[in-house]
Undergrad: 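The structure follows.
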Amino acid sequence: MTHEEFPTEHPALVTCGLPYANGDLHVGHLRTYVSGDAFSRGLRRLGQDVAFVSGSDMHGTPIAVNAEKEGVSPEEFALRHHEQYEETFPRFNVDFDNYGHTHDETNVELTQAFVRAWEANDHVYEKEIQVAYDPDADQWLPDRYVEGECPYCGEHARGDECDEGCQRHLEPGDIVDPVSTLTGNPAEYREREHKFLRLSEFQEYLEGFINRLEGTSNAQNQPREWIEGELQDLCITRDMDWGIDYPDEEANGADDLVLYVWVDAPVEYVASSKQYSERVGDETYDWEEVWAEGDSEIVHVIGRDIIQHHTVFWPSMLKAADYNEPRAVCATGFVNLNGEAFSTSRNRAIWADEYLAEGFHPDLLRYYLATAAGFERDVNFSWERFQERVNTELADVVGNFVNRALLFAARNFDGTPDAELTDETETRIAAAMDDYEDALNDYDVRSAGETAVALARYGNEYIQNAAPWKLDDDEAAPVIRDCVQLVKAVAVLLQPITPEKAEDAWDQLGAEGRVADATVADCLQAPPETFPEPDGPLFEKIDDERVAELNEKLETRVAEATAGEDDEAANDETDDGTAAFEALADDRIDFGTFQDLDLRVGRIEGADEIEGADDLLRLSVDIGIETRQIVAGLKQLHDVADLPGTKVVVVANLEQAELFGVESDGMVLAAGEEADLLTTHGDAAPGTKIK
RNA sequence: AGCGGGUUGGGAUAGCCAGGAGAUUCCGCCGGGCUCAUAACCCGGAGAUCGGUAGUUCAAAUCUACCACCCGCUACCA
């Protein structure tokens with residue numbers, strides 16, 4: 001089956017993978033939501049009838065476990081995060097038509113209806129499996145409620161995967177010497193009746209599905225291993241309280257079973273679109289038409305870590321309940337920070353709230369995330385690169401062009417000059433419109449965004465070469481007429497990526513209505529005859545000091561988080577992190593700058609702990625001329641008693657500081673997170689200058 | 001181990017599915033121009049044996065095989 005191109009006659013649905021209601025959002029998460037939002041806005045520009053929905057994923061073991069740690073109910077815990085997400089997305093101009101959550105009534109009913117349909121179609125069977133059980137707490141222990149020894153490598157492992165050893169996925173019952181994470185008691189295995197969805201029946205269907213699926217190539221290729229191999233049936237129940245009850249449980253004897261979180265999570269796509277229909281009315285948007293009638297125009301935008309769920313489980317679930325299959329799955333790459341993966345536990349991330357608190361406009365980040373690399377490629381985030389792209393692409397190219405064109409037009413013509421659009425510019429804009437449409441049909445948000453920037457670039461080139469400031473009004477009129485048209489087209493084409501900034505440009509142009517309601521055809525519609533001088537450039541530049549400040553903040557924060565970490569966590573990162581070095585500094589320093597450092601050989605004379613500090617030590621260091629008191633973060637990483645007598649390298653002319661109320665006069669150099677102390681190989685005496 | 005993705009001028013990034021002339025664009029660098037505009041903008045230039053080897057072909061960044069390195073997935077982390 002090949003799909004007709006967007007825009008289609010049928011309503012489309014764009015969804016974003018459900019954020020798990022278990023923590024704060026960061027820039028990595030936002031990539032998926034910005035991509036989905038930009039794509040759905042892009043479809044609207046094409047005139048496609050489309051709804052954009054998502055919701056919070058409220059169930060599952062991690063939420064139950066974390067809620068318990070906090071001493072609140074899972075519902076309260078998850079709702080708190082849900083509300084936070086619901087507030088955060090609009091602040092990034094991620095405007096869902098409906099944003100629900102998996103614990104709301106619509107989803108519960110729909111999920112149970114799915115399961116009933118599977119039962120009715122004979123896609124479900126029961127099987128006895130071994131499940132860990134805590135006899136003292138009188139409770140079943142699914143997934144991460146149990147820990148023990150990995151049957152493959154013998155390492156300590158969680159119930160669902162060998163997280164410290166061989167990384168293998170573990171089935172319930174695999175773990176050796178299971179221990180309850182609730183009570184620390186030894187757990188025992190008991191036979192337990194569970195429900196399974198016959199995924200294996202859908203093998204042939206899925207092979208066909210994967211070949212007609214549109215979207216990113218990673219989504220089409222990654223699941224082949226499963227689909228073309230042997231598909232395991234999916235255990236769709238868990239022994240928990242927190243979740244959606246297995247429907248009609250008493251009749252089926254499946255009391256106190258809830259549905260596996262990956263059953264009810266994707267159903268939220270259906271539920272959320274249903275809620276939207278109910279709000280706006282069937283005649284405006286008919287969710288049933290999308291899901292169960294006619295051609296399917298369902299596009300799932302997800303992170304690339306959940307491809308299998310959307311290309312194996314979910315289509316099978318839909319097929320088993322006679323729903324439409326997705327037309328496309330678009331899996332975005334990850335976001336790295338300065339070349340390394342985000343690490344939320346080390347606070348090494350750019351948080352959504354933090355970004356906004358720094359006063360940056362959301363559209364800047366949207367632009368960065370949506371156009372930094374192809375959809376499925378990983379994107380590196382750094383404040384330097386952010387600055388570079390904002391300054392050179394948004395401020396210099398787009399902002400400057402819009403400003404100079406409109407300012408010139410307003411000053412000299414009170415608006416759009418009375419002249420015909422030249423063929424050349426018309427052709428150029430028409431080509432951009434075509435490219436734009438093609439890009440969206442290729443699910444290529446990046447290219448779509450680039451057409452707008454390319455048009456602005458062309459505008460700068462054009463106005464520069466035509467130099468209307470050297471011409472009289474009659475000669476300048478057609479040039480400026482073209483430029484105003486280019487501004488209008490830029491506003492329309494950039495709208496999906498930077499919706500607010502595009503709206504600003506639209507307003508400066510004095511165009512009627514909102515660019516959010518415009519379509520690509522408006523790119524060539526005549527701009528208003530008159531408009532005033534623009535009220536300023538669209539984009540401000542970010543200066544170097546600001547970037548330095550942001551990097552410093554990040555480093556400090558990571559250092560603080562790392563200082564509070566236990567050894568185990570620190571080892572996690574360093575053991576396998578051989579390639580994860582910080583990028584080399586771009587800026588070279590001159591020799592004089594180096595000479596400004598007064599580096600000396602020192603010998604640690606004494607080392608005491610500092611009360612209240614997790615890993616700071618008060619050192620007294622003999623640097624020949626005198627003995628200094630230096631505070632250093634070494635406690636976790638070195639045996640305090642062994643330190644005296646160790647020779648170290650000291651920065652002697654570092655400004656003095658106070659850490660935990662203790663004066664520190666200098667710095668002891670050490671390498672990496674493990675604070676591997678620098679020392680001398682020979683017998684250089686304390687006080688010797690290092691050069 | 002299996003699977004997926006990647007390796008392209010100093011840095012980043014496109015092109016690969018549908019093989020075809022000087023390999024895209026941005027940053028940076030060198031030289032020039034302009035002054036309407038945000039010290040912006042425009043023009044020109046240097047810089048890449050497209051990770052390696054072998055093959056298919058009149059023709060390979062693109063297709064095939066093998067190899068190296070990097071990232072990820074393997075059924076509950078964007």
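So you know, we letter chains A, B, ... as the sequences are listed, proteins then strands, and number each from 1. Quick note: numbers below take in every heavy atom, side chains included, and nothing from hydrogens, waters or symmetry partners.
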Undergrad: Do the ring centers of A:Phe39 and A:Tyr443 come within less than 6.0 Å of each other?
TA: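 For A:Phe39 and A:Tyr443, the ring centres are under 6.0 Å apart.
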
Undergrad: Step by step, work out the salt bridge (Lys or Arg N to Asp or Glu O under 4.0 Å) result for A:Glu450 and A:Arg446.
TA: CA-CA 6 Å; A:Glu450 277 186 344; A:Arg446 176 181 192 270; 3.5 Å; yes

Undergrad: So A:Phe401, base contact, sugar-phosphate only, or nothing? Heavy-atom distance under 4.0 Å.
TA: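 The residue A:Phe401 makes no contact with any strand.
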
Undergrad: Within the 4.0 Å heavy-atom criterion, would you say A:Gly60 contacts the bases, only the backbone, or no part of the nucleic acid?
TA: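 The residue A:Gly60 makes no contact with any strand.
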
Undergrad: Counting the atoms with a prime plus P, OP1 and OP2 as sugar-phosphate, which does A:Glu393 contact under 4.0 Å by heavy atoms, base, sugar-phosphate, or nothing?
TA: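 Sugar-phosphate: the residue A:Glu393, judged by heavy atoms under 4.0 Å, touches backbone atoms but no base.
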
Undergrad: Going by atom types only, do A:Asn338 and A:Arg348 share a side-chain donor-acceptor pair under 3.5 Å?
TA: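 No, A:Arg348 and A:Asn338 have no side-chain donor paired with an acceptor closer than 3.5 Å.
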
Undergrad: Whole Å only: how far is the CD1 atom of A:Ile63 from the C1' atom of B:C77?
TA: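 So the CD1-C1' distance, A:Ile63 to B:C77, works out to 12 Å.
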
Undergrad: At under 4.0 Å between heavy atoms, what does A:Gly23 touch on the DNA or RNA strands: base, sugar-phosphate, or nothing?
TA: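 Nothing, no nucleic acid heavy atom in range.
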
Undergrad: Which is it for A:His361 and A:Tyr355 under the side chain to side chain donor-acceptor pair (under 3.5 Å) test, yes or no, and what are the steps along the way?
TA: CA-CA 9 Å; A:His361 195 282; A:Tyr355 172 88; over 6 Å; no

Undergrad: For A:Tyr99 and A:His82, I'd like to know if the aromatic rings sit close, meaning centre-to-centre distance below 6.0 Å.
TA: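 Between A:His82 and A:Tyr99, which both carry aromatic rings, the centre distance is below 6.0 Å.
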
Undergrad: Where each residue is assigned the nucleotide of RNA chain B containing its nearest heavy atom, which of A:Asp442 and A:Arg385 is assigned the position nearer the 5′ end?
TA: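 Nearest-nucleotide comparison on RNA chain B picks A:Arg385.
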
Undergrad: Does the ring of A:Trp469 lie flat against the base of B:C36, closer than 5.5 Å centre to centre with planes under 30°?
TA: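 Stacking is present between B:C36 and A:Trp469, given that their ring centres fall under 5.5 Å apart and the planes under 30°.
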
Undergrad: Would you kindly check if the NZ (Lys) or CZ (Arg) of A:Lys501 is within the cone defined by 45 degrees around the ring axis of A:Phe539 and under 6.0 Å from the six-membered ring centre?
TA: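 Yes.
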
Undergrad: Nearest-Å distance, CD1 (A:Ile302) to P (B:C77)?
TA: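 Value for this atom pair: 13 Å.
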
Undergrad: Roughly how far apart, to the nearest Å, are B:U62 and B:C16 at atom P?
TA: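 About 12 Å, rounded to a whole number of Å.
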
Undergrad: Measuring only the P atom in each nucleotide, how far is B:G31 from B:A46? A whole number of Å is fine.
TA: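 These two P atoms come out 15 Å apart once rounded.
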
Undergrad: Start at the 5' end of RNA chain B and walk down; is the nucleotide closest to A:Asp444 or to A:Glu388 reached first?
TA: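 Taking each residue's closest nucleotide, the earlier one in sequence belongs to A:Asp444.
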
Undergrad: A:Ala341 near the nucleic acid: base, sugar-phosphate alone, or nothing, with a heavy-atom cut-off under 4.0 Å?
TA: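 Nothing: the residue A:Ala341, judged by heavy atoms under 4.0 Å, touches no strand.
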
Undergrad: NE2 of A:His309 versus C1' of B:C77: gap in Å, rounded?
TA: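 These atoms are roughly 11 Å apart.
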
Undergrad: Scan A:Phe313 against the nucleic acid and name what it touches under 4.0 Å (heavy atoms): base, sugar-phosphate only, or nothing.
TA: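 Counting heavy atoms under 4.0 Å across all strands, the contact made by A:Phe313 includes a base.
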
Undergrad: Decide yes or no on side chain to side chain donor-acceptor pair (under 3.5 Å) for A:Ser200 and A:Gln232, but give the supporting numbers first.
TA: CA-CA 6 Å; A:Ser200 47; A:Gln232 300 169 28; over 6 Å; no

Undergrad: For the side chain of A:Asn403, counting heavy atoms from C-beta on, which of B:U38, B:C34, B:C71 is nearest?
TA: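 For the A:Asn403 side chain, the nearest candidate turns out to be B:U38.
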
Undergrad: Do the ring centers of A:Trp242 and A:His59 come within less than 6.0 Å of each other?
TA: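 Distance test on ring centres: under 6.0 Å, yes.
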
Undergrad: Please determine if A:Arg366 forms a cation-pi arrangement with A:Phe92, meaning its NZ or CZ atom is less than 6.0 Å from the six-membered ring centre and no more than 45° off the ring axis.
TA: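 A:Arg366 over A:Phe92 ring: no.
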
Undergrad: Looking only at atom C1', what distance separates B:U38 and B:G47, rounded to whole Å?
TA: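 So the two C1' atoms sit 31 Å from each other.
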
Undergrad: With heavy atoms under 4.0 Å as the rule, sort A:Gly303 into base, sugar-phosphate or nothing.
TA: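 Answer is sugar-phosphate: A:Gly303 comes under 4.0 Å of backbone atoms only.
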
Undergrad: Restricting both atoms to N or O, compile the protein contacts to nucleotides 1-7 of chain B shorter than 3.5 Å, with distance only.
TA:
residue, atom, partner, partner atom, Å
B:G2, O2', A:Glu225, OE2, 3.4
B:G2, N2, A:Glu225, OE1, 3.4
B:G5, OP1, A:Asn221, ND2, 2.8

Undergrad: Mind checking if A:Ala373 touches a base, just sugar-phosphate, or nothing, with heavy atoms under 4.0 Å?
TA: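 Touches sugar-phosphate only.
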
Undergrad: Pairing donors with acceptors under 3.5 angstrom, does anything connect the side chains of A:Asn22 and A:Asn66?
TA: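 There is such a pair between these side chains.
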
Undergrad: Are the side chain of A:Gln508 and the backbone of A:Gly536 linked by a donor-acceptor contact shorter than 3.5 Å?
TA: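 Such a contact is found between A:Gln508 side chain and A:Gly536 backbone.
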
Undergrad: Quick check on ring pair (Phe, Tyr, Trp, His ring centres under 6.0 Å): which of A:Tyr367, A:Tyr368, A:Trp383 does A:Phe360 satisfy it with?
TA: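 Result: among A:Tyr367, A:Tyr368, A:Trp383, A:Trp383 is the only option passing the ring pair (Phe, Tyr, Trp, His ring centres under 6.0 Å) with A:Phe360.
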
Undergrad: Any base atoms under 4.0 Å from A:Trp226, or only sugar-phosphate, or nothing? Heavy atoms, all strands.
TA: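 Base contact.
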
Undergrad: Output one line per pair: protein atom, nucleotide atom from nucleotides 41-43 of chain B, and distance, for all N/O pairs under 3.5 Å.
TA:
residue, atom, partner, partner atom, Å
B:C41, O2', A:Arg404, NH1, 2.9
B:C41, O2', A:Gln464, OE1, 2.9
B:C41, O2, A:Gln464, OE1, 3.1
B:C41, O2, A:Gln464, NE2, 3.3
B:C42, O2', A:Asn465, OD1, 2.9

Undergrad: Could you give the distance separating B:G15 and B:C30 at their P atoms, to the nearest angstrom?
TA: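 Each nucleotide's P atom is 31 Å from the other's.
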
Undergrad: For RNA chain B, write out the stems as range with range, using runs of 3 or more consecutive Watson-Crick or G-U pairs with both distances under 3.5 Å.
TA: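 So far as stems of 3 or more pairs are concerned, RNA chain B shows B:1-7 with B:68-74, B:10-12 with B:25-27, B:29-33 with B:41-45, B:51-55 with B:63-67.
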
Undergrad: Measuring only the P atom in each nucleotide, how far is B:G10 from B:U24? A whole number of Å is fine.
TA: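 Straight-line distance between the two P atoms is 16 Å.
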
Undergrad: Check A:Cys16 against A:Gly36 and note the closest heavy-atom contact, atom names and distance.
TA: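 Smallest interatomic distance, heavy atoms only, reads SG-CA, 3.9 Å.
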
Undergrad: Taking the ring centre of each residue, are A:Phe334 and A:His29 less than 6.0 Å apart?
TA: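 Ring centroids of A:Phe334 and A:His29 are no less than 6.0 Å from each other.
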
Undergrad: Please give, in whole Å, the distance from B:C27 C1' to A:Glu450 CD?
TA: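 To the nearest whole Å, that distance equals 14 Å.
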
Undergrad: Considering every strand and a 4.0 Å limit on heavy-atom distances, what is the contact class for A:Val335: base, sugar-phosphate, or nothing?
TA: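 If one applies the 4.0 Å heavy-atom cut-off, A:Val335 turns out to touch a base.
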
Undergrad: Measure the distance from CD1 on A:Ile227 to P on B:U74 and round it to the nearest whole Å.
TA: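 About 15 Å, once rounded to whole Å.
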
Undergrad: Can you tell me how far C1' in B:A18 sits from the matching atom in B:G72, rounded to whole Å?
TA: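 Nearest-Å result for B:A18 against B:G72 at atom C1': 28 Å.
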
Undergrad: Heavy atoms only, 4.0 Å cut-off, all strands: where does A:Pro537 land among base, sugar-phosphate and nothing?
TA: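 Base contact.
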
Undergrad: Base, sugar-phosphate alone, or nothing: which one does A:Leu25 contact when heavy atoms must sit under 4.0 Å apart?
TA: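 Nothing, no nucleic acid heavy atom in range.
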
Undergrad: Provide the distance between the two C1' atoms, one in B:C36 and one in B:C42, to the nearest whole Å.
TA: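 Approximately 13 Å lies between the C1' atom of B:C36 and that of B:C42.
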
Undergrad: Please report the distance separating the P of B:C50 from the corresponding atom of B:C3, rounded so that it comes out in whole Å.
TA: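 B:C50 and B:C3 have their P atoms separated by 28 Å.
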
